Amino acid sequence: MSLGKKVTLNTGVEIPQLGYGTWQSSPGEVSVGVFEALKAGYRHLDLAMIYGNQPEVAEGLKKAFAEIPGLKREDIFITSKLWNSQHDPKGVEAALDSCLAELELEYLDLYLVHFPVSFKTGDELFPLIAGSNEPDGDVEINDSISIVDTWRAMTKLPKSKARAVGVSNHTVEHLDALIKGTGVVPAADQVERHPLLQSKELVAYCKEKNIHITAYSAFGNNMIGVPLLVNRPEVKEIAEKVSKRIGSTATPAQVILAWSQVGGHSVIPKSVKTSRIIENFKEIELVPEEIEAIDALGKVPQRFNIPVIANKPRWNINIFGDEAEKNAPHKVII
Ligand SMILES: NC(=O)c1ccc[n+]([C@@H]2O[C@H](COP(=O)([O-])OP(=O)(O)OC[C@H]3O[C@@H](n4cnc5c(N)ncnc54)[C@H](OP(=O)(O)O)[C@@H]3O)[C@@H](O)[C@H]2O)c1
């Protein structure tokens with residue numbers, strides 16, 4: 001069985017381009033999903049403490065090691081993420097330790113700063129500002145910890161526990177601040193990227209600095225009820241044309257995932273349905289005209305994951321410089 005294409009990170013280690021995402025996978029679904037993904041051939045898992053399901057991911061991993069012949073820990077590239085309330089440099093290694101404990105693993109292949117946003121440090125995952133109530137409250141943003149300080153602590157983590165370190169949801173400005181402030185280039189930036197948000201400036205910057213891009217929400221998943229890209233007529237039409245050319249069915253999901261990997265990026269689709277897990281892992285190659293047809297869908301960039309509008313409780317901070325964030329009182333501290 002082909003286990004998919006790989007690319008090399010700036011640490012010299014290979015990362016499979018097609019990974020398996022685990023956000024919004026409910027209890028009872030994610031251990032099965034992880035097992036089915038590994039059985040289907042995925043060798044890259046995308047996890048995070050904040051997804052609240054890492055102990056269950058651990059169950060899926062244990063089942064996979066027991067039941068998939070020859071499968072070993074070192075065959076799988078595992079990513080997880082430092083949460084916003086864990087940005088205090090003094091607590092970064094302890095946060096990694098507790099992440100590893102949840103996963104019952106000795107090491108991660110990649111540990112990412114989940115967002116360039118620091119919340120009040122502590123055990124509360126979404127600490128509310130005083131006088132603010134759920135579900136419409138605001139999270140307490142900590143403006144005294146800079147992303148450079150957190151990144152410096154990440155770069156000092158023992159390689160025995162985190163083989164590589166990187167970031168997520170960081171813009172060119174944020175990445176530039178990390179590199180100037182510490183001299184250490186992140187191995188990866190995991191960002192929202194799909195045909196409607198192609199982020200050409202970020203892609204060019206990362207190429208120049210040798211920062212690997214992992215695309216999340218490749219199907220345009222969102223919390224605001226907009227139809228997934230796989231269900232849009234224009235994507236279905238491109239998939240039909242690809243199917244005709246290759247003489248077998250190419251689904252909209254496969255077409256989007258193939259597009260997402262052009263340029264050497266990785267992509268981490270999430271599904272808890274076995275048939276879709278298998279569908280998403282099937283590789284197809286696009287020809288230049290098909291890539292251009294998908295590129296053309298993104299003339300008006302659309303970002304879905306904007307915490308100031310999409311999240312409850314709200315994070316009242318300007319992260320991406322999007323129009324919707326312009327009145328937010330907090331900004332990323334570099
Ligand atoms: N770093 C970050 O801040 C961040 C943010 C968001 C996501 N992520 C990571 O990226 C992963 C992927 O992003 P995402 O979960 O937002 O969204 P996504 O992968 O773009 O889309 C997931 C949605 O697509 C559906 N789906 C999956 N395969 C399909 C197929 N072949 N046909 C039709 N529908 C399909 C899934 O439903 P079913 O499950 O019912 O199949 C689910 O509703 C996450 O799971 C997480 O690991 C990271």
Side-chain angles (χ1 to χ4, degrees), residues 17-30 32-34 36-37 40 42 44-54 56-57 60 77-84 108 110-117 166-171 174 186 188-197 199 202 212-232 235-236 239 249-261 265-284 302-307 310-311 315 319-320:
Q17 277 186 271
L18 205 292
Y20 178 69
T22 56
W23 181 43
Q24 295 175 321
S25 300
S26 310
E29 292 178 332
V30 75
V32 179
V34 164
E36 292 296 336
Y42 292 71
H44 169 180
L45 302 177
D46 185 70
L47 318 173
M49 188 275 272
I50 196 62
Y51 301 161
N53 56 18
Q54 293 198 137
E56 219 192 296
V57 168
F77 190 99
I78 301 182
T79 301
S80 190
K81 311 183 191 94
L82 178 87
W83 184 238
N84 303 352
L108 295 174
L110 181 61
Y111 195 42
L112 305 178
V113 179
H114 206 146
F115 279 90
V117 177
V167 296
S168 177
N169 294 300
H170 281 50
T171 64
H174 307 150
D189 191 5
Q190 182 181 122
V191 293
E192 177 180 344
R193 187 166 186 273
H194 43 69
L196 304 183
L197 187 68
S199 306
L202 180 72
H212 175 74
I213 288 187
T214 298
Y216 76 68
S217 299
F219 301 145
N221 187 35
N222 61 85
M223 296 184 279
I224 51 174
V226 177
L228 285 180
L229 282 161
V230 287
N231 297 322
R232 295 192 181 208
V235 177
K236 288 184 177 170
T249 304
T251 68
Q254 288 161 354
V255 167
I256 290 170
L257 295 172
W259 176 87
S260 300
Q261 293 174 62
H265 314 309
S266 58
V267 62
I268 46 175
K270 171 261 174 185
S271 177
V272 290
K273 300 192 170 61
T274 302
S275 60
R276 287 176 173 174
I277 289 172
I278 294 167
E279 173 190 337
N280 294 346
F281 195 68
K282 190 176 156 211
E283 253 173 55
I284 57 162
Q302 186 169 13
R303 183 184 293 280
F304 293 114
N305 194 0
I306 303 178
N311 289 13
W315 315 0
I319 303 174
F320 304 109

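Just so you know, these numbers come straight off a predicted model, no measurement behind them. One-based numbering, in listed order, for ligands and for the atoms of each.
- Within the 3.5 Å criterion, the main-chain N or O of Gln190 finds no donor-acceptor partner in the side chain of Thr214.
- For Trp315 and Phe115, the ring centers are positioned less than 6.0 Å apart.
- With hydrogens and angles disregarded, a donor-acceptor distance shorter than 3.5 Å links the side chain of Glu192 to the backbone of Asn305.
- At a cut-off of 3.5 Å, with distance as the only test, no side-chain donor of Asn280 or Tyr42 sits close to an acceptor on the other residue.
- Contact annotation: the side chain of Glu283 never approaches that of Leu18 to less than 4.5 Å [non-hydrogen atoms, C-beta and beyond].
- Among residues two or more places apart in sequence or in another chain, the salt bridge (Lys or Arg N to Asp or Glu O under 4.0 Å) test is passed with Asp46 by Lys81.
- Listed as neighbours of ligand 1 are Gly21, Thr22, Trp23, Asp46, Tyr51, Lys81, His114, Phe115, Ser168, Asn169, Gln190, Tyr216, Ser217, Ala218, Phe219, Gly220, Asn221, Leu228, Val230, Ala253, Ile268, Pro269, Lys270, Ser271, Val272, Lys273, Arg276, Glu279, Asn280, Asn305, each bearing a heavy atom under 4.0 Å from the ligand.
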